[in-house]
Amino acid sequence: AACGGDNGAGGSQPDDGKITLGFAQVGAESGWRTANTKSIQDSAKEAGIDLQFSDAQQKQENQIKAIRSYITQKVDVIAFSPVVESGWDTVLLEAKDAKIPVILTDRAVDSKDTTLYETFIGSDFVLEGKKAGEWLVGQYQGKPEPVNIVELQGTTGSAPANDRKSGFADVIKADPKFKIVASQTGDFTRAKGKEVMEAFLKANKDIDVLYAHNDDMGLGAIEAIEGAGLKPGVDIRIITVDAVKDGMQALADGKINYIVECSPLLGPQLMDLVKKVVAGESVPERVLTEETTFTQEQAKAALPNRQY
Ligand code: GZL
């Protein structure tokens, strides 16, 4: 392999000819994120790709710093999961000027210039929100009484929070009996989910449903609901997104009523895209992840072979 030669993509091939991938991860805020990191690290090893990895503790400035360090290191490809949708154009332009291709994983950016990245591999979060809404509408078919909903949003400004909120709202607006009486960010963490749900419970006497943008906030909310002497999944129906093991266990135990899956296992597909991009092959501008939904019965059946 070329030792230190230019591979045309701007990065310089290391002496051993291995591709070097710089990955700027969001953080370690949830079970989903942990599983996503494991998938990326395991599949880089499997693919023989040299992975430089950073954890931004959910701070955009740390992700930008990490991307800049990868540019300085002249990695062959940069990949990252943008913690929020906006504020990326400057650093992505620096990567483009350095001729280092960028791959978006998991979350999207709102940059108008789509030449700033090669492809975006991740879920359709609007569809996830719609799936959650459709299940709820189905549950209350033919029941005219009002349905009071509280919503735990993901990280403010993140694509999953924006899109899961809008997809859900789009579906339930069909019937005015569905009312979102409170909606606030729990930043995708259990701790914050519990704290905000405690506040919701104090401020709202009659909550029928909780829609949490991820399992972790839903699990935190369950602690708050039980702390208030109510039965999660019965007194307050709960819908979450992700389907990580702890969420699926709560679903099987009847504390959650429905989970919309969001797969974190993007590693293998990411490594294929990295190899294609370095080889100068064309890649699709959007790669959608396969995912489904789970009822309580389906969770019991699926739990034994859940990978994460
Ligand atoms: C979704 C991902 C979200 C998960 C959360 O693809 O960005 O971030 O739903 C995670 O659990 O924190």
Side-chain angles (χ1 to χ4, degrees), residues 23-40 55-60 62-63 79-86 88 103-110 119-132 151-168 184-194 196 210-222 238-251 256 258-270 286-294 306-308:
F23 192 91
Q25 181 60 296
V26 166
E29 74 281 359
S30 63
W32 190 98
R33 188 65 53 197
T34 313
N36 179 245
T37 290
K38 188 173 179 319
S39 174
I40 289 158
D55 170 335
Q57 286 94 34
Q58 287 189 278
K59 291 185 179 59
Q60 180 172 31
N62 290 347
Q63 279 193 302
F80 75 114
S81 165
V83 61
V84 291
E85 285 192 290
S86 43
W88 301 100
I103 293 175
L104 297 185
T105 79
D106 165 27
R107 297 183 184 177
V109 297
D110 61 9
T119 179
F120 163 42
I121 170 171
S123 304
D124 178 341
F125 302 130
V126 173
L127 179 59
E128 290 173 350
K130 286 185 184 296
K131 288 178 183 177
E151 180 179 30
L152 284 170
Q153 297 179 38
T155 300
T156 303
S158 69
N162 293 338
D163 295 351
R164 285 172 185 166
K165 181 169 176 31
S166 64
F168 181 78
Q184 198 178 321
T185 184
D187 209 16
F188 283 131
T189 68
R190 283 193 195 207
K192 201 90 176 78
K194 178 180 179 184
V196 175
L210 162 64
Y211 170 44
H213 292 181
N214 81 331
D215 293 349
D216 291 68
M217 293 188 294
L219 292 164
I222 284 171
I238 300 180
I239 308 162
T240 65
V241 185
D242 276 354
V244 296
K245 202 174 283 254
D246 290 350
M248 292 288 272
Q249 190 56 60
L251 180 59
I256 290 177
Y258 192 64
I259 298 185
V260 176
E261 185 183 35
C262 174
S263 174
L265 305 180
L266 308 177
Q269 285 173 288
L270 172 59
R286 180 78 173 87
V287 178
L288 218 43
T289 27
E290 299 289 314
E291 50 205 33
T292 181
T293 55
F294 292 96
R306 281 306 271 177
Q307 288 180 58
Y308 57 90

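Numbering of ligands and ligand atoms starts at 1, following listing order. Every heavy atom of this structure was used, including side-chain atoms; hydrogens, water molecules and symmetry mates were not. This is a predicted model, so every value here is computed, not measured.
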Requested in this report: Please answer whether the main-chain N or O of D163 pairs with a side-chain N or O of S166 as donor and acceptor at a distance below 3.5 Å.
Outcome: yes

Query raised in the report: Is V241 in contact with ligand 1, taking contact as a heavy-atom separation below 4.0 Å?
Result: no

Report task. Using non-hydrogen atoms of the residue, decide whether D106 is closer than 4.0 angstrom to ligand 1. Result -> yes

Report task. Look at atom 3 (C) of ligand 1 and say which protein heavy atom is nearest, naming residue and atom and giving the distance to 0.1 Å. Result -> R107 NH2, 3.7 Å

[X]-ligand 1 polar pair, N/O distance under 3.5 Å:
{"X": "R164", "answer": "yes"}
{"X": "D216", "answer": "no"}
{"X": "E29", "answer": "yes"}

Query - Short N-O contact, R306 and E261, less than 4.0 angstrom - result: yes

Report summary line: Rounded to the nearest 0.5 Å, the CD1 atom of I222 sits from the OG1 atom of T240 at a distance of 8.0 Å

Query - Check: K131 and V241 side chains under 4.5 Å, non-hydrogen atoms - result: no

Query raised in the report: Heavy atoms, side chains only, cut-off 4.5 Å: are P160 and R107 in contact?
Result: yes

Any atoms of ligand 1 less than 4.0 Å from a non-hydrogen atom of [X]? List them with their elements.
{"X": "P160", "result": "7 (O)"}
{"X": "S30", "result": "5 (C), 10 (C), 11 (O), 12 (O)"}
{"X": "F125", "result": "1 (C), 6 (O)"}
{"X": "C262", "result": "1 (C), 6 (O)"}

Requested in this report: Can you see which heavy atom on T105 is nearest to which on P82, and at what distance?
Outcome: O-CD, 4.0 Å

**Report entry** Among D242, V244, V260, closest by any non-hydrogen atom to atom 11 (O) of ligand 1
**Finding:** D242

Report task. Test H213 against L152 for side chain to side chain contact (heavy atoms under 4.5 Å, CB included), laying out the working first. Result -> CA-CA 6 Å; H213 292 181; L152 284 170; over 6 Å; no

Query - Single hit among E29, R33, Q153 for side chain to side chain contact (heavy atoms under 4.5 Å, CB included) with F188 - result: E29

